[in-house]
Asks: 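After the structure tokens below, expect a handful of questions from me.
Residues take their numbers from the sequence shown, with the count starting at 1. Fair warning: this is a prediction, and the values are worked out from it, not measured in the lab.
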Amino acid sequence: MQTANRSHHDVVVVGGRVAGSATAMLLARLGHDVVVLDQASFPSDTVSTHSIARSGVVQLRRWGLLDDVVDSGAPAIRQVTFNAAGELVSRTIKEKAGVDFLVAPRRYVLDTILATAAEHAGAQVRTGVTVIGVQRDRHGRVVGVHGQDRAGARVELGARFVVGADGLRSRVAELVGAPVNQAGPAGGATQYAYYAGGRWIGFEFFVAERSFAGVFPTHHGQACIWVCTPSADARAVRRRTGSRGEAFDALLERSHPELALQLRRARRTSPVQGMLRQPNQLRQAWGPGWALVGDAGYYRDAITAYGISDAFRDAELLAVALDQALEAGDQGTAALAAYTQQRDQALGEIFEITCRLAAYPPVPRFIELQKQLSAAIDREAAALAARPVPGEQLLATA
């Protein structure tokens with residue numbers, strides 16, 4: 001096997017989607033030599049219902065990327081409607097923390113925007129590279145990665161720090177032996193598909209016993225239609241029907257007939273996708289020479305639709321920590337320990353709410369938890385808006 005590349009960098013980020021590209025972009029804006037590696041090429045899709053909460057929109061605005069997202073054709077969502085227990089409540093999204101709308105851009109668009117922003121900041125983004133191992137020094141510290149490109153040529157990159165941003169089934173987490181330090185129940189399923197031809201007026205949520213469904217308008221006049229249920233319910237319906245599509249329709253008809261009625265006037269434009277079993281887990285966030293961010297480090301049931309917003313928050317926390325370690329020229333022990341503490345403290349409230357929602361309590365309790373979730377998101381958005389922006393000087397001159 002020929003070696004295609006041997007090089008050394010400040011940071012190698014494995015995984016170039018929302019968490020990885022955001023981390024790389026911020027580190028590059030702070031003046032560091034960063035390489036991003038990803039198996040995929042961009043634009044490309046990934047499993048995601050891709051709603052971005054207010055806190056995530058705040059991050060896009062702070063980083064100077066919100067206009068790019070809206071200019072891509074992602075509609076600005078200014079209305080949210082809840083349907084529960086026969087009642088319908090709509091509200092206009094008010095201005096808080098500097099934003100007055102939400103977005104749900106398709107991942108093939110959003111991930112490309114972030115990877116491009118990382119490149120514009122000075123990071124190298126190398127696609128079509130599969131990481132198969134980490135390099136260690138004689139003390140066991142991670143000092144790089146090795147893998148291969150699409151042609152089968154060997155790739156070796158040394159680094160002062162390696163970041164695993166490669167998703168729930170993180171290869172980096174496996175290679176460094178990052179344990180799961182906290183785990184909640186893993187009993188939730190989320191399935192979704194895209195529809196065209198409907199009248200999508202904003203985000204819509206439908207609450208029923210043991211089911212939560214919704215509408216996220218997105219690019220090209222389409223909407224992501226999703227349904228969350230206990231895994232046991234999703235599997236039971238799947239066994240009784242002939243296909244994923246039939247099972248999806250049956251779940252909506254059973255619990256959310258008003259949404260199913262809307263969809264009869266629309267056209268499904270994609271296969272049904274999703275996960276029938278979603279973990280709720282928190283991995284050890286760092287070790288000698290390595291750190292995890294995004295779903296690689298923390299994964300939660302999609303019932304709160306908070307994965308992208310979590311990834312944006314933690315990408316900034318990690319970028320700041322690595323900047324401190326790189327500037328100090330040390331092993332990063334204090335900075336990365338602080339990152340872990342900040343991450344765990346920041347995610348705690350919404351993680352707990354997520355686990356409680358994913359247990360599908362009775363509808364009145366489910367609605368109360370949704371109100372708690374909204375308040376927690378607004379608090380986090382305000383806290384993020386008050387922070388200094390890493391690399392703001394470069395952003396201002398870009």
Side-chain angles (χ1 to χ4, degrees), residues 49 51-55 77-94 96 102 104 183-192 200-217 223-237 247-263 274-280 300-307 309-310 347-382:
T49 54
S51 168
I52 305 181
R54 187 189 298 273
S55 52
I77 305 301
R78 302 184 183 276
Q79 181 173 320
V80 175
T81 301
F82 267 86
N83 298 265
E87 296 184 8
L88 185 150
V89 177
S90 292
R91 63 178 176 86
T92 299
I93 296 172
K94 298 178 181 179
K96 294 180 182 178
L102 307 177
T190 298
Q191 300 175 79
Y192 67 95
W200 323 118
I201 58 174
F203 284 175
E204 297 181 67
F205 299 95
F206 299 82
V207 183
E209 293 295 339
R210 296 176 66 85
S211 187
F212 185 44
V215 177
F216 292 155
C224 176
I225 310 297
W226 51 269
V227 59
C228 297
T229 64
S231 294
D233 295 21
R235 293 182 189 278
V237 172
F248 185 75
D249 293 342
L251 285 169
L252 292 178
E253 288 281 0
R254 183 189 70 180
S255 299
H256 310 286
E258 61 273 56
L259 176 55
L261 180 62
Q262 285 187 43
L263 297 180
M275 295 175 64
L276 294 185
R277 181 183 179 276
Q278 300 170 100
N280 290 287
R300 85 303 302 139
D301 194 296
I303 197 165
T304 43
Y306 207 62
S309 302
D310 270 328
L347 65 83
E349 183 179 13
I350 293 177
F351 182 57
E352 182 177 347
I353 292 171
T354 300
C355 291
R356 290 179 177 179
L357 284 168
Y360 294 91
V363 167
R365 177 57 177 159
F366 192 97
I367 293 171
E368 177 57 34
L369 287 167
Q370 285 289 331
K371 292 176 181 178
Q372 293 178 22
L373 174 66
S374 179
I377 290 171
D378 283 348
R379 285 192 293 273
E380 180 157 277

Asks: With rounding to the nearest 0.5 Å, note down the distance linking CG in L357 to CD in E368.
Replies: 10.5 Å
Asks: Holding to ring pair (Phe, Tyr, Trp, His ring centres under 6.0 Å), I want the full list of residues that pass it with F366, two or more places apart in sequence or in another chain.
Replies: F212
Asks: Working to the nearest 0.5 Å, report the span between CG of D310 and CZ of R300.
Replies: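 It comes to 4.5 Å.
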Asks: Within the structure provided, determine whether F82 and Q370 are in side-chain contact (heavy-atom separation under 4.5 Å).
Replies: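 Yes - at least one pair of side-chain heavy atoms lies under 4.5 Å apart.
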Asks: Taking side chain to side chain contact (heavy atoms under 4.5 Å, CB included) as the test, write out the residues that go with T49, two or more places apart.
Replies: T190, Y192, F216, C224, W226
Asks: What pair of heavy atoms forms the shortest contact from A189 to S231, and how long is it?
Replies: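 Reported closest heavy-atom pair: N-OG, 3.8 Å.
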Asks: Minimum heavy-atom separation for A213 to H256, with atom names?
Replies: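 So the minimum-distance heavy-atom pair works out to CB-CD2, 3.6 Å.
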Asks: With heavy-atom distances below 4.5 Å as the criterion, would you say the side chains of T229 and R210 are in contact?
Replies: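 No, too far: nothing below the 4.5 Å cut-off.
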Asks: Taking atom CD1 of I93 and atom CZ of F203, what is their separation to the nearest 0.5 Å?
Replies: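 The CD1 atom of I93 sits 7.0 Å away from the CZ atom of F203.
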Asks: Could you walk me through whether R365 and R356 satisfy the side-chain contact (heavy atoms from CB on, under 4.5 Å) test, starting with their C-alpha distance in whole Å, then the side-chain angles of each, then the deciding distance to 0.1 Å, before giving a yes or no?
Replies: CA-CA 10 Å; R365 177 57 177 159; R356 290 179 177 179; 3.7 Å; yes
Asks: Between P185 and N280, what is the shortest heavy-atom contact and its length?
Replies: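 Closest pair (atom of P185, atom of N280, distance): O-ND2, 2.8 Å.
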Asks: Would you say Q278's side chain and A302's backbone share a donor-acceptor pair under 3.5 angstrom?
Replies: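 Between the backbone of A302 and the side chain of Q278 there is a qualifying donor-acceptor contact (under 3.5 Å).
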Asks: Once side chain to side chain contact (heavy atoms under 4.5 Å, CB included) is applied, do any residues pair with V89, and if so which ones, sequence neighbours excluded?
Replies: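 Listed in chain order: nothing, the list is empty.
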Asks: What's the verdict on side-chain contact (heavy atoms from CB on, under 4.5 Å) for V237 and R254, showing C-alpha distance, side-chain angles and the deciding distance?
Replies: CA-CA 10 Å; V237 172; R254 183 189 70 180; 4.1 Å; yes
Asks: What distance do L263 atom CG and L252 atom CG have between them, rounded to the nearest 0.5 Å?
Replies: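 CG of L252 is found 6.5 Å from CG of L263.
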Asks: Contact between F206 and S255 at the side-chain level, heavy atoms closer than 4.5 Å - yes or no?
Replies: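 In short, these two side chains do not touch, never coming nearer than 4.5 Å.
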Asks: Taking all non-hydrogen atoms of both residues, which atom of R54 and which atom of L102 are closest, and how far apart?
Replies: N-CD2, 3.6 Å
Asks: To the nearest 0.5 Å, tell me how far L259 CG sits from S211 OG.
Replies: 9.5 Å
Asks: Between G188 and D301, which heavy-atom pair has the shortest distance, and what is it?
Replies: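 Smallest heavy-atom distance, with atoms named: CA-OD2, 3.4 Å.
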Asks: List the steps and the verdict of side-chain contact (heavy atoms from CB on, under 4.5 Å) for E349 and L373.
Replies: CA-CA 9 Å; E349 183 179 13; L373 174 66; over 6 Å; no
Asks: Could you measure the distance from the CD atom of E87 to the CD1 atom of I367? Nearest 0.5 Å is fine.
Replies: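 Going from the CD atom of E87 to the CD1 atom of I367 covers 8.0 Å.
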Asks: Write down the atom of I225, the atom of W200, and the distance for their closest heavy-atom approach.
Replies: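 In this case the closest contact between I225 and W200 is CD1-CZ3, 4.1 Å.
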